[in-house]
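Small disclaimer: the values here were computed from a predicted structure and weren't measured. Chain letters run A, B, ... following the sequence lines, proteins first, then strands; residues in each count from 1.
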Amino acid sequence: MELDKHYSPQQVEDKWYSYWMDNGFFDSTPDEREPYTIVMPPPNVTGVLHMGHMLNNTIQDVLIRKARMEGKNACWVPGTDHASIATEAKVVKMLAEKGIKKSDITREEFLGYAWEWKNKYGGIILEQLKKLGASCDWKRTRFTMEEDLSNAVIDVFIKMYKDGLIYRGTKIVNWDPAGKTTLSDEEVIYKENNSNLYYVTYLFTEQTKKTFNNEIGGLQVATTRPETIMGDVAICVNPNDERYKELIGKTVIVPVVNRVVKVIADEYIDIEFGTGCLKVTPAHDENDYKIGEKYNLEIIDVLDDDGKIHERAGAYVGMDRFACRKQIVKDLEEQGLITKTEQIKNTVGHSERTDAVIEKKISTQWFVNMQDYMKRYPQVLSDVMNDEISFHPSKFKNVYKHWLDNIKDWNISRQLWWGQRIPAWYDEKGNYVVAKTEAEAHALFNNNAYKAPLADNSNLIERHTNQDTQNVQHSTDEGHINTLRNLTQDADVLDTWFSSWLWPISVFDGLKEGDKKDYQYYYPTNDLVTGPDIIFFWVARMVMAGYALNGQKPFSNVYFTGIVRDKLRRKMSKSLGNSPEPMDLIAKFGADGVRMGMLLSSPAGNDILFDETNVEQGRNFCNKIWNAYRLIAGWQIVKDEAVSADIIASNALANQWFEMKYQTAVNDILQAFEDYKLSEALMTIYKLIWDDFCSWYLEMVKPVYGEPINESTLTQAKNNLEKVLTLLHPFMPFITEELYHVLYEGQPTKPMIVNAYPKMDNSIASIDDRALQIITEIRNIRNNKGLSPKVAFEVIIKTEQEAIYKAWETTIGKLANVSAILYNAAKPEKCLTTLIGTDEIFIPFAEAIDEAAEMKKMQEELTYLEGFLKSVDAKLNNDRFVSNAKPDVIEKEKQKRADALEKIEKLKHSLTQNNN
RNA sequence: GGGGGCUUAGCUCAGCUGGUUCAGAGCAUCUGCCUUACAAGCAGAGGGUCACUGGUUCGAACCCAGUAGCCCCCA
């Protein structure tokens with residue numbers, strides 16, 4: 001059979017993926033074996049695969065495949081996230097394209113469209129992962145909004161509410177005017193911005209003027225947000241600010257609305273910033289809100305949910321907030337009330353999902369009480385700090401700690417429809433209960449177990465009545481319900497992360513009544529592989545959920561991948577067009593090549609600078625392996641008796657030598673896995689295969705052209721190929737499975753995917769291979785002198801350990817084209833000299849030898865060695881070194897000294913001989 | 001403003017608890033080869049004052065302090 005020179009991944013990848021699937025190798029059910037579990041960070045259900053997913057899932061697949069080969073019960077659970085905001089935004093956009101406005105349809109209708117959309121596009125991403133070779137247990141695929149998982153979310157909400165960890169409160173929150181929902185602090189991205197700082201004059205009231213004898217007419221207030229002037233309820237200065245001491249307690253007039261407000265004093269004010277006067281707008285700034293609370297100021301929210309000016313503002317009503325800013329500036333300028341405009345850099349919060357500028361807003365929402373949470377479950381922090389849950393790389397422990405030390409309450413309600421609806425029920429007066437069903441809610445009301453409405457939830461009630469009166473569903477359950485009250489369920493849904501944080505538990509139905517066999521077997525999971533960007537969103541919260549819901553950690557190790565960037569360090573993004581299409585890459589280079597390309601350049605936690613040449617390297621590596629197989633497959637076989645004893649012995653030695661290289665590599669690789677240094681592990685395999693296996697071992701045992709190979713050598717070569725393929729399989733599953741099968745004519749004892757992974761072994765005998773240096777030495781000489789490899793050399797070795805070289809004679813002859821090796825013969829007249837250890841090697845070389853150059857080379861080496869010796873001697877003669885250094889260090893130094901002395905002597909000897 | 005991290009060959013990065021036969025790897029570069037497994041290849045080579053300054057030490061890429069530059073997170 002003629003094999004192509006190039007490996008074609010396309011022909012084999014689909015075949016093996018189906019084979020693995022059809023034979024159930026990815027499936028896992030609890031048994032007596034040790035489990036090894038990974039839950040996939042669920043991608044957005046309507047997302048498409050990007051390079052970050054590729055990296056992330058490649059790493060997970062490497063880990064899971066290795067565990068499977070080690071005989072563990074490997075279980076990798078895939079799934080998708082409903083991604084509340086992102087998905088809802090997509091559906092809204094899709095509907096808008098059809099001419100349907102969300103506000104014109106009911107919640108049920110909207111959800112109908114959303115599910116339709118989800119069923120159509122959902123899960124494409126998982127199909128794409130299959131192309132990558134991901135060996136997930138697809139039968140376990142979960143979705144965060146499927147019935148069981150949603151139930152778990154609701155149950156957890158109710159439990160935490162009862163436990164006092166969840167409360168309803170009125171606070172200043174983040175408002176996304178594009179998504180029309182509140183956001184948690186984590187969903188707000190602060191970006192640096194060039195802003196105008198306007199110096200606005202607030203005129204004094206007549207009374208205030210009098211105290212200043214009418215000499216001063218007003219004060220200057222610096223603001224970047226003049227459109228919130230209508231919400232100003234005070235001016236605040238620092239009590240230590242000499243400039244304004246007189247003003248404290250006096251009144252000034254807010255421009256535009258001519259509201260009379262007081263000047264108050266608080267240490268919080270930065271004297272240096274602007275004019276040192278702050279306009280206090282409690283509805284639109286967190287710090288102003290705090291001041292407002294402290295001094296009991298009125299709250300005037302001038303914006304509506306769209307970010308337009310609300311009627312409450314009393315001016316510019318209906319205008320967009322940014323248009324309004326421009327208009328107010330223009331109007332105030334005309335009135336001469338803006339005295340100065342300054343360019344400054346400040347940071348402005350944007351919505352993570354919609355990128356809209358966030359507004360701070362007073363609102364009644366549901367929160368998780370984090371301070372309390374951490375008091376109850378201190379392991380959330382301590383178990384990460386003491387490596388009970390171990391972070392790779394560990395530097396993220398600091399980030400984690402810092403966040404938890406400064407944690408704030410988590411706003412979990414979202415004004416959306418796509419998600420788990422909050423199980424809270426309100427009566428007409430706004431009294432509320434938390435209950436799973438309307439019937440239970442009625443029961444609670446009837447027992448008077450409800451809470452009174454919060455002071456400031458008028459907005460919310462308004463919203464409920466507007467949106468939901470038409471679709472309140474009354475339970476018809478048995479008619480026991482006291483329907484005197486007309487109950488309405490909370491219109492809001494829960495933050496997506498409020499379901500994701502249960503993921504490692506809920507995918508095994510750990511929160512569901514009934515059979516917990518899977519949960520008990522697989523949980524806690526072993527490794528989590530994710531990006532550092534969701535360390536707070538997700539990683540920290542899974543740890544929280546783990547300890548709160550069952551007192552157990554969710555996983556033992558967290559591997560933080562880097563962010564995939566292009567080679568100019570820019571983030572990959574659609575708008576920049578610098579992100580390759582993963583499916584195209586796989587089609588072009590093969591999944592194995594892409595996997596290797598991603599892994600090679602991505603040590604844990606470092607950003608990966610994606611460059612297609614990395615993937616090319618991966619593809620080339622596949623080709624190299626393919627050709628190693630072609631070589632072995634092409635040999636003609638003869639019985640051992642048919643070849644010379646020398647060859648048999650030489651090949652046996654080569655095999656031993658490779659065994660040593662192999663086991664050393666295995667030990668290094670397993671250690672690298674322990675340390676979660678996957679790219680290092682892969683690099684070690686790469687070098688083992690390319691250098692040790694192909695360049696050395698195969699060249700050693702390769703018969704001269706046209707000659708056959710003896711049976712035992714072929715068997716060894718095949719075994720060795722199998723070994724390196726096995727080692728490589730977790731990284732490059734397709735080519736290794738393919739070659740393993742063809743190597744054994746389609747009849748391997750078991751498929752590669754479950755072939756046993758090698759183990760640590762430190763007992764392997766070391767083979768003295770210093771004789772091989774002669775090969776490199778001679779190749780180097782040929783290169784330097786421009787000699788063809790066809791010209792054979794003789795070599796004279798001056799040594800007391802002939803055996804070391806004798807064993808390798810055949811190999812040296814073959815790889816360096818050496819015709820004869822003489823031991824301890826006289827040094828020829830004309831020759832090149834080199835040292836291997838302390839043995840002298842002479843290579844007779846009649847033509848055009850540059851004596852002077854040779855001498856110079858030797859002289860240089862001598863100088864170096866003498867300098868080296870000097871430094872070693874200096875140490876050994878230093879009493880403080882001898883008394884302070886560890887014994888083995890001193891021993892090493894002594895050995896260095898002895899070696900150097902011997903070499904120096906030999907060099908001197910050669911130099912004097914040449915001089916004669 | 002607060003916190004964390006980084007700075008080692010042209011590029012991307014390894015260098016554990018300080019001991020110069022440890023300054024290393026891959027890629028890139030250069031030289032010579034189409035040697036019937038592989039030019040997606042073979043053989044060989046050249047690249048670094050380990051950011052800077054000072055300190056600790058018998059000894060510093062590694063520990064400490066300061067300086068400069070870069071990055072990330074938080075407010």
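- Going from atom OG1 of A/T811 over to atom CD1 of A/I775 covers 6.5 Å, rounded to the nearest 0.5 Å.
- At B/G44, one or more side-chain N or O atoms of A/R779 fall inside 4.0 Å of OP1 or OP2 (strictly under the cut-off).
- Residue A/S679 has no polar side-chain atom (N or O) positioned under 4.0 Å from OP1 or OP2 of B/C13.
- Residue A/K401 has no polar side-chain atom (N or O) positioned under 4.0 Å from OP1 or OP2 of B/G3.
- Using atom P as the reference point in both B/C64 and B/G46, the two lie 36 Å apart (nearest Å).
- Of the C1' atoms belonging to B/C63 and B/G44, the separation is 41 Å, rounded to the nearest Å.
- Rounded to whole Å, the separation between the P atoms of B/G4 and B/A9 comes to 27 Å.
- Classification of A/D768 and A/R770 as a salt-bridged pair holds, one side-chain N sitting under 4.0 Å from a carboxylate O.
- Side-chain contact check for A/R541 versus A/W497: some heavy-atom pair is nearer than 4.5 Å.
- Partner of A/H392 under the ring pair (Phe, Tyr, Trp, His ring centres under 6.0 Å) criterion, out of A/Y559, A/Y676, A/F673: A/Y676 alone.
- Between A/K702 and the phosphate of B/U36, there is no side-chain N or O to OP1/OP2 separation shorter than 4.0 Å.
- Comparing B/C62 with B/U53, their P atoms are spaced 13 Å from each other, to the whole Å.
- Under the side-chain hydrogen bond (donor to acceptor under 3.5 Å, both in side chains) criterion, A/N614 pairs with A/S601, not counting sequence neighbours.
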Go ahead and write out RNA chain B as dot-bracket, 5' to 3': ( ) for pairs within the strand, [ ] for ones crossing earlier pairs, | when the partner sits on another strand, dots for unpaired; Watson-Crick or G-U wobble, both distances under 3.5 Å.
(((((((..((((.....[....)))).(((((.......))))).....(((((..]....)))))))))))).
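- Rounded to whole angstrom, the span from the CG atom of A/L404 across to the C1' atom of B/G3 amounts to 14 Å.
- Straight-line distance from the OH atom of A/Y289 to the C1' atom of B/A75: 19 Å, rounded to whole Å.
- At the phosphate of B/A75, neither OP1 nor OP2 sits under 4.0 Å from any side-chain N or O atom of A/W403.
- Looking at A/F536, A/W403, A/F560, A/F391 one by one, the single match for ring pair (Phe, Tyr, Trp, His ring centres under 6.0 Å) with A/F396 turns out to be A/F560.
- Rounded to the nearest Å, the gap between the P atom of B/A25 and that of B/C70 is 32 Å.
- For A/K624 and B/G41, the shortest distance from a side-chain N or O to OP1 or OP2 is not below 4.0 Å.
- Counting only heavy atoms from C-beta outward, the side chains of A/E674 and A/Q671 approach each other to under 4.5 Å.
- Here the nucleotide nearest the side chain of A/N398, chosen from B/G5, B/G3, B/A37, is B/G5.
- In this structure, CG of A/L3 is placed 13 Å from P of B/A37, rounded to the nearest angstrom.
- Following rounding to the nearest Å, A/L609 (CG) and B/U12 (P) show an atom-to-atom distance of 7 Å.
- A/Y268 places its OH atom 12 Å from the C1' atom of B/G1, with the value rounded to the nearest Å.
- Using a 4.0 Å heavy-atom criterion, one finds that A/E777 contacts no nucleic acid atom at all.
- With distances taken from any side-chain atom of A/T347 to the nucleotides B/C38, B/C42, B/A75, the minimum falls on B/A75.
- For the P atom pair drawn from B/U56 and B/G15, the interatomic distance equals 29 Å after rounding to whole Å.
- Across the protein-nucleic acid pair, A/I625 atom CD1 and B/G41 atom P stand 12 Å apart, rounded to whole Å.
- When heavy atoms are screened at a 4.0 angstrom cut-off, A/N623 is found touching base atoms of the nucleic acid.
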All N/O contacts under 3.5 Å from nucleotides 26-29 of chain B to the protein, with atom names and distances to one decimal?
unit_1: B/G26; atom_1: O2'; unit_2: A/Q617; atom_2: NE2; d: 3.1
unit_1: B/C27; atom_1: OP1; unit_2: A/Y686; atom_2: OH; d: 3.3

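- Both tests do not hold together for A/K360 against A/Y289: distance to the six-membered ring centre under 6.0 Å, angle to the ring axis within 45°.
- A gap of 38 Å separates the P atoms of B/C73 and B/A60, to the nearest Å.
- When heavy atoms are screened at a 4.0 angstrom cut-off, A/W635 is found touching no nucleic acid atom at all.
- Comparing B/A40, B/A43, B/G5 by their nearest atom to the side chain of A/H6 picks out B/A40.
- For A/N627 and B/A40, the CG to P distance is 11 Å, given to the nearest whole Å.
- The shortest distance between side-chain heavy atoms of A/V818 and A/I778 falls below 4.5 Å.
- Ring-plane geometry between A/W690 and A/Y686 is classed as tilted, the angle between the planes lying from 30 to 60 degrees on a 0 to 90 degree scale.
- Across all strands shown, A/E286 has no heavy atoms under 4.0 Å from either base or sugar-phosphate atoms.
- Nucleotides B/G19 and B/G24, compared at atom P, are 15 Å apart to the nearest Å.
- Annotated as syn: B/G47, whose glycosidic dihedral is within 90° of 0.
- For the pair A/K294 and A/D266, the salt-bridge criterion is met [side-chain N within less than 4.0 Å of a carboxylate O].
- The phosphate of B/A45 has neither OP1 nor OP2 within less than 4.0 Å of any side-chain N or O from A/N784.
- The residues A/K718 and A/E722 are annotated as not salt-bridged, no charged nitrogen and carboxylate oxygen being separated by less than 4.0 angstrom.
- Taking atom CG on A/L787 and atom P on B/G32, their separation rounds to 15 Å, with Å as the unit.
- Residue contacts shown for A/C622 are absent, as no nucleic acid heavy atom lies under 4.0 Å away.
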